[in-house]
Amino acid sequence: MLFVLVLLAVVLWVSVADDIGDGLDSSLTFEHFEALYADSQILVALWNTLGFAIWTVITAMIFGVAAAWLVERTDLPAKKLVYILMTLGLLIPTFFVAMGWVFLMHPRIGMLNRWAIQIFGLEDAPFNVASIIGMGWVEGLGLASLAFIMTSPIFRALNPALEEASTVHGLGRWDTIRFVFVPLTWPALLAASIYIGVIAIATFEVPAVIGLGNKIFTFATLVYVLVSPEQGVPNYGIVGALSVFLVLLSVLLSWWYFRVIRMSHRYGVVEGRGYRPKVTPLGRFVWVAWGGLGAYFLLAKILPLIMIAWAAFMPYFQPISLKAMSSLTTRNFELIDWALVGRGLGNTVILMIVVPTVAIAFGLAISWIVVRAKTQWRFVFDWVAFLPHAVPNLIFALAAVIFALYVLPQTIPFYGTLLILIVAYILVRISLTTRVFNGALLQIHKELEEAAFVSGIRTLATLRKVVLPLILPAVLNLWIWNALLCYRELTMAAFMVTQDNITLPVVVWSLWNSGSAGQAAAVSLVFIATLIPLIALYWGLRSRADITNLGH
């Protein structure tokens with residue numbers, strides 16, 4: 001856990017170091033922060049980031065909250081199917097969806113734009129996904145599943161007595177929504193919006209796939225360009241100053257998020273007496289509801305993946321048509337460097353095995369200290385373990401690279417190895433792991449462990465023979481969830497990768513970034529084919545033990 005604080009200290013040091021090449025002996029300066037205000041490109045990127053985050057939140061909340069209301073407050077049939085699709089939607093890499101939307105709505109090659117120009121004789125493309133609004137739309141579609149998971153519980157727990165009282169007093173449906181429903185649910189809705197906004201501010205995948213090629217920079221893509229310039233050397237000083245700004249912004253938003261959560265008790269409406277949530281009958285509008293849900297799943301996942309599959313078998317991208325089918329080819333698969341793909345897949349599999357295992361071991365140890373130890377310093381462990389949740393993953397990736405290059409002795413093999421990915425991945429997974437284990441251990445009564453101690457069983461043996469069997473469902477679900485997150489991780493890997501530690505998502509990104517869209521689509525199909533059985537395994541384990549707190 002000390003390494004978490006070390007990496008954050010590295011970011012702060014880089015932001016004020018005159019020349020990090022001098023190591024820790026570098027003199028201090030504030031010129032990097034002054035440069036933030038002098039560089040118009042940086043200011044534009046920050047404004048773009050803000051706009052991107054706002055549109056992401058709007059899109060995610062519209063689709064996610066609507067789906068949550070339909071599932072929890074109506075008699076919508078097949079609700080379990082919606083839960084399954086929404087949960088699994090979190091596991092499909094967002095950069096795949098972004099690639100699909102480029103094939104759909106890019107102003108030059110997008111299929112829908114090409115169709116619209118041909119059918120209506122337009123001079124310009126009517127749709128443009130290569131914009132801040134377009135990128136926010138794509139990212140929001142991906143995060144709508146998270147909005148659904150975060151807002152479903154509040155709709156499920158809302159006491160219908162207050163709505164019934166408003167009806168008795170003559171309020172209509174819309175007045176009830178305005179004066180009763182919205183005021184009672186706004187803390188949960190605001191908290192979900194803040195949480196999604198924090199994610200959007202530092203996200204890399206969608207802005208990289210859609211915006212980078214069109215010179216539309218957000219914070220994450222600008223940092224990527226600064227640390228991986230086509231010419232010259234990386235400008236780590238500016239990157240450090242930007243990172244400090246983002247850390248402060250993320251911590252502020254996280255503080256706001258938890259302040260809203262702490263205020264939520266004022267809006268509590270669940271009492272000790274039993275009640276059943278009021279269910280709104282949909283009647284003939286059930287088909288409208290399922291039509292809306294179907295449209296969301298089509299836009300968010302199905303249609304983009306279809307476009308990737310189509311692009312994989314095209315020599316160059318062209319709209320779907322009978323004429324185009326005569327051009328179907330496997331040439332994109334033949335041009336792929338399968339040795340590179342195999343190396344990326346092998347490294348990814350190692351990460352999937354090592355990271356969840358070590359993260360669970362550390363997470364269980366930290367949670368044991370937090371929940372069971374009587375020392376007054378136990379909450380410090382919990383606070384440090386939560387830091388990676390409040391600080392964007394991108395910052396830890398950059399800090400790990402700088403630490404390896406300029407702080408560690410060059411004789412220690414860290415940079416460019418798989419170890420740097422393992423360490424960084426573990427650090428960012430600790431937050432989720434400890435949150436889950438804290439809740440699981442609180443449900444186990446201390447009498448069971450005390451009985452083991454009385455019987456002469458030591459602490460480690462008690463963990464292995466008593467505690468671990470009781471929380472095994474949570475451990476298994478958490479392990480496979482973390483493995484899946486490692487499998488799809490692109491943001492951190494893109495900033496730490498070399499030829500020796502390249503991962504499968506970075507292989508796809510490298511092909512896309514180099515202009516080989518067809519080959520990137522072909523490798524994506526391989527990626528998806530190997531992802532499906534892993535998702536099936538996760539859902540099989542989850543069906544046995546309903547662990548609902550594994551949101552992101």
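This one's a predicted model, so the numbers in the text were calculated from it and none came from an experiment.
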Where the side chain of [X] meets the backbone of [Y], is there a donor-acceptor pair that is under 3.5 Å apart?
X	Y	answer
W512	V209	yes
S145	M86	yes
R488	L531	no
T203	I199	no
N347	I502	yes
Y296	L141	yes
T221	P207	no
S367	T434	yes
H32	A17	yes

Practice item. Not counting sequence neighbours, which residues clear side-chain hydrogen bond (donor to acceptor under 3.5 Å, both in side chains) with Y415? List them please. Key: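 In terms of side-chain hydrogen bond (donor to acceptor under 3.5 Å, both in side chains), with neighbours along the sequence ignored, Y415 is linked to no residue.
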Got [X] and [Y] here, is their nearest side-chain heavy-atom distance under 4.5 Å?
X	Y	value
F95	V206	no
E489	T503	no
V523	L504	yes
M492	L421	no
T29	V16	no

Testing the basics here: between [X] and [Y], what is the closest heavy-atom pair and its distance to 0.1 Å?
X	Y	answer
G136	T59	O-OG1, 4.0 Å
G363	T433	CA-CG2, 3.8 Å
T348	P505	OG1-CD, 4.1 Å
A191	M150	O-CE, 4.4 Å
P413	L419	O-CD2, 4.4 Å
A53	A200	CA-CB, 3.8 Å

Practice item. Tell me, with the steps shown, if V423 and F414 meet side-chain contact (heavy atoms from CB on, under 4.5 Å). Key: CA-CA 10 Å; V423 171; F414 191 57; 4.0 Å; yes
Review point. Do you know which of V244, V247, V10 makes side-chain contact (heavy atoms from CB on, under 4.5 Å) with S15?
Key: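 The side-chain contact (heavy atoms from CB on, under 4.5 Å) with S15 is passed solely by V244 among V244, V247, V10.
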Review point. Quick one: are the ring centres of F148 and Y83 less than 6.0 Å apart?
Key: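 Aromatic pair counts; centres sit under 6.0 Å.
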Practice item. Indicate, with yes or no, if the rings of F204 and F495 have centres closer together than 6.0 Å. Key: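 Ring centroids of F204 and F495 are less than 6.0 Å from each other.
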**Study point:** Counterpart residues, ring-ring contact (aromatic ring centres under 6.0 Å, His included), relative to F52 (two or more places apart)
**Key:**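 With neighbours one apart ignored, the set is empty.
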Check your understanding: Cut-off 3.5 Å, side chains only: do N501 and T498 have a donor facing an acceptor?
Key ->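 The answer is yes; a qualifying pair exists.
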Review point. Yes or no on side-chain contact (heavy atoms from CB on, under 4.5 Å) for L398 and L394, after CA distance, side-chain angles and deciding distance?
Key: CA-CA 6 Å; L398 290 171; L394 169 63; 4.3 Å; yes
**Study point:** side-chain contact (heavy atoms from CB on, under 4.5 Å) assessment of N513 paired with Y224
**Key:** CA-CA 12 Å; N513 195 37; Y224 180 81; 4.2 Å; yes
Check your understanding: Do other residues, nucleotides or ligands put more than 12 heavy atoms under 6.0 Å from the CH2 atom of W55?
Key ->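 No, CH2 of W55 has 12 or fewer neighbouring heavy atoms, counting only those of other groups under 6.0 Å.
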Practice item. May I ask you to decide if the ring planes of F527 and Y487 are parallel, tilted or perpendicular, using 30° and 60° as cut-offs? Key: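 Aromatic pair F527/Y487 classed tilted.
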